[in-house]
Amino acid sequence: MNPIIQEIEKENVKKSVDDFMVGDTVDVHVRIIEGEKERIQIFNGVVIARNKGGINENFTVRRLVSGEGVERVFPLHAPRVEKVEIKRRGRTKRAKLYYLRDRVGKATRLKEETRPSRALAKKASGK
């Protein structure tokens, strides 16, 4: 890859990225600009996919709004995405959860997993 492009990407990559995975229920805090005003809007749902790596990495969040499935794709390193807050960890055996699109109600629930976050694991190991 071109060294100039690598340098620009290095400047724009977020330093602290939350360690969420596919299957986790998250709140995505997105900065919305309406005219002169700016506010934070929270989009909560289940992460059904994570794609690519580096600065081009993005993730898809799905939720139900009045019976309709709504999916949004967020670039992980975009300045509009303030933070990703993990509400619940889900245990999955797949990298993409597209099968949730065909399910309704209780069938969309995932088993909860109790795994420590990377921050806690680093503290425990002493790094």
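For clarity, every value in this text was computed on a predicted model and none was experimentally measured.
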Practice prompt. Please round to the nearest 0.5 Å and tell me the distance separating atom CG of L97 and atom CZ of R62.
Written response: 11.0 Å
Item to complete: Flag yes if V70 and V47 sit in one hydrophobic cluster, no otherwise; membership is Ile, Leu, Val, Met, Phe, Trp, Tyr, and two members link when side-chain heavy atoms are under 4.5 Å apart.
Response: yes
Item to complete: Give, for atom OG1 of T60 and atom OH of Y98, the distance between the pair rounded to the nearest 0.5 Å.
Response: 5.5 Å
Worksheet item: CZ/F20 to CG/D27 distance, rounded to the nearest 0.5 angstrom?
Response: 12.0 Å
Item to complete: Go through the structure and list residues passing side-chain contact (heavy atoms from CB on, under 4.5 Å) with I33, not counting sequence neighbours.
Response: E38, R80
Worksheet item: For the atom pair NE2 (H29) and CD1 (I40), what is the distance rounded to the nearest 0.5 Å?
Response: 8.0 Å
Discussion item. Once ring-ring contact (aromatic ring centres under 6.0 Å, His included) is applied, do any residues pair with F43, and if so which ones, sequence neighbours excluded?
Written reply: F74
Worksheet item: Under the side chain to side chain contact (heavy atoms under 4.5 Å, CB included) criterion, do Q41 and R39 qualify, and how do the steps go?
Response: CA-CA 7 Å; Q41 185 178 52; R39 66 184 177 90; 3.8 Å; yes
Fill in: Residue pair K87 / E85, side-chain heavy-atom distance below 4.5 Å
yes
Fill in: Straight-line distance of E68 CD to L64 CG, nearest 0.5 Å
9.0 Å
Discussion item. Same cluster or not: V84 versus I42, using hydrophobic residues (I, L, V, M, F, W, Y) connected whenever any side-chain heavy atoms lie under 4.5 Å apart?
Written reply: no
Discussion item. Within the structure provided, determine whether I48 and E71 are in side-chain contact (heavy-atom separation under 4.5 Å).
Written reply: yes
Discussion item. Using side-chain heavy atoms (C-beta onward) and a distance below 4.5 Å, is V28 in contact with F59?
Written reply: yes
Discussion item. Could you check whether any side-chain N or O of D24 sits under 3.5 Å from a backbone N or O of V26, counting only pairs where one atom can act as donor and the other as acceptor?
Written reply: no
Item to complete: Report yes or no: do V73 and I32 belong to one cluster of Ile/Leu/Val/Met/Phe/Trp/Tyr joined by side chain heavy-atom distances under 4.5 Å?
Response: no
Practice prompt. List for me each residue that meets salt bridge (Lys or Arg N to Asp or Glu O under 4.0 Å) alongside E36, sequence neighbours excluded, and say none if there are none.
Written response: none
Item to complete: Quick one: pull up NZ in K83 and CD1 in I86 and give me the separation to the nearest 0.5 Å.
Response: 11.5 Å
Fill in: With A95 via side-chain contact (heavy atoms from CB on, under 4.5 Å) - residues at least two apart
none
Worksheet item: Which residues pass the salt bridge (Lys or Arg N to Asp or Glu O under 4.0 Å) test with E82, sequence neighbours left out?
Response: R31
Discussion item. Taking side-chain hydrogen bond (donor to acceptor under 3.5 Å, both in side chains) as the cut-off, I'd like each qualifying pair that reaches into residues 44-55, sequence neighbours left out, listed once.
Written reply: N44-R63, R50-E57, N51-N58, N51-K96
